[in-house]
Amino acid sequence: MRGFKIAPSILSADFTRLGEQVSEALDAGAEYIHVDVMDGHFVPNLTIGPLVVAAIKPLVSSCGAILDVHLMIKSPENLIPEFIRAGADILTVHVEECVHLHRTVHMIKDGGARAGVAINPATPLIMLEEILPDLDLVLVLSVNPGFGGQTYIPWSTQRISRMRGMLDERSLSHVELEVDGGIKTSNVAQIVAAGASLLVIGSAVFNQEANIADNLDMLLQAAEGRE
Ligand code: DX5
Ligand code: ZN
C-alpha cells in the first residue's frame, strides 16, 4: 500500500477534450481528480465553476474516485451549497479568506462533503492550529495560487515536515496532508519523505512530453525512488 496518492489537477488538461483527459487519468489509476476554482479576485485568474464539476462527476464517481475541489475564491460560503450539489467530495477553502473558518468548515461537513483548508506559502502554519482536529484535509500550497506550471518554492518542504509534525503531535492521522504546486519528478520524492499523503500535480501529468499514463508512472517511480 503506497503511503501517498496523486491527484491530477485538470487545470493543465486540454479543455477541448476534458472528459477524455479525465478518463485517461482515471484509467491510469488516479483515485482523486483535483479541480482548481478561481474567481479572478482571490487569485488573478478565472477558471472553473460548479457546471464543470457536475459535468465530470459521473466519470469520476463511476470508478469510485474522489472529486477534490480547491476553492480559490472570495466568500466561498456563497457557493459551497452549489459545489456540493454539483458533486464535490472534498471542498477546500483558504484560511486567508475565511473570517469564520469554524463555521465554514462545518457548513461543508453538514452539507455532506469532506472539509479541507488550504494555506498560502507565506501564511504561518500556526493559523491552522485550532481548526486542525475538525478537518478531513489540509492543503499546503507550494506555489502562490493562481496558475499551473509554476516553480516549486524550495522552503515548502520544511513547511510540509512541520505540518506533518503538527498532525502527528495531535494524533490526526485521518487528516490528509495535501501538497499543491510545482511538483515534478525532480522533487516528488522529498515531498513524500517530508510527510505529504496527497500530491496535486498538474503540468507534470498533462503535457505534450508524454501521455498521461506514462507521466503518472514516471512520477510514481520517482516518488518511490525507482527511477
Ligand atoms: C495553483 C493550483 C494548482 C495547480 C497545480 O493555484 O492550485 O492545483 O493547478 O499545477 P502544477 O502542478 O502545474 O503546479
Ligand atoms: Zn489546486
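Numbering of ligands and ligand atoms starts at 1, following listing order.
- Remark: Arg103 does not engage Asp110 in a salt bridge, criterion side-chain N to carboxylate O under 4.0 Å.
- Residue-to-ligand polar distances place Gly182 within reach of ligand 1: an N/O pair is separated by less than 3.5 Å.
- What sits closest to atom 2 (C) of ligand 1 on the protein, heavy atoms only, is Asp36 OD1, 3.4 Å.
- Contact atoms of ligand 1 toward His34: 8 (O) (distance under 4.0 Å to a heavy atom of the residue).
- Phe42 and His94 have tilted rings, their planes meeting at an angle from 30° to 60° on a 0 to 90° scale.
- Of all atoms in ligand 1, listed by their number and element, those nearer than 4.0 Å to a heavy atom of Asp180 are 2 (C), 3 (C), 4 (C), 5 (C), 7 (O), 8 (O).
- On a distance-only criterion, Gly202 and ligand 1 share at least one N/O pair closer than 3.5 Å.
- Under the 4.0 angstrom criterion for non-hydrogen atoms, Gly146 is in contact with ligand 1.
- The distance criterion of under 3.5 Å between nitrogen or oxygen atoms is met by Ser203 with respect to ligand 1.
- The Zn ion (ligand 2) sits nearest to atom OD1 when only the N, O or S atoms of Asp36 are considered.
- Under 4.0 Å is where a charged nitrogen must lie from a carboxylate oxygen, and between Arg164 and Glu169 no such pair does.
- Of all the heavy atoms in Met218 and Ala210, the pair that sits closest is CE-CB, 4.0 Å.
- Contact between Ala223 and Phe4 at its shortest, heavy atoms only, is CB-CZ, 3.5 Å.
- With the Zn ion (ligand 2) as vertex, His70 ND1 and His34 NE2 subtend 100°, rounded to 10°.
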Residue pair Arg170, Glu129: steps toward the salt bridge (Lys or Arg N to Asp or Glu O under 4.0 Å) verdict: CA-CA 10 Å; Arg170 294 162 180 78; Glu129 186 176 14; 3.2 Å; yes
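- Residue contacts with ligand 1 include Phe147, since one of its heavy atoms falls under 4.0 Å from the ligand.
- Shown in contact with Met72 at under 4.0 Å from a heavy atom are these atoms of ligand 1, numbered in order with element: 6 (O), 7 (O).
- On a distance-only criterion, Gln150 and ligand 1 share no N/O pair closer than 3.5 Å.
- The nearest N/O/S atom of Asp180 to the Zn ion (ligand 2) is OD2.
- Considering backbone and side-chain atoms together, Gly149 places an N or O closer than 3.5 Å to an N or O of ligand 1.
- Ligand 1 has no nitrogen or oxygen under 3.5 angstrom from a nitrogen or oxygen of Asn144.
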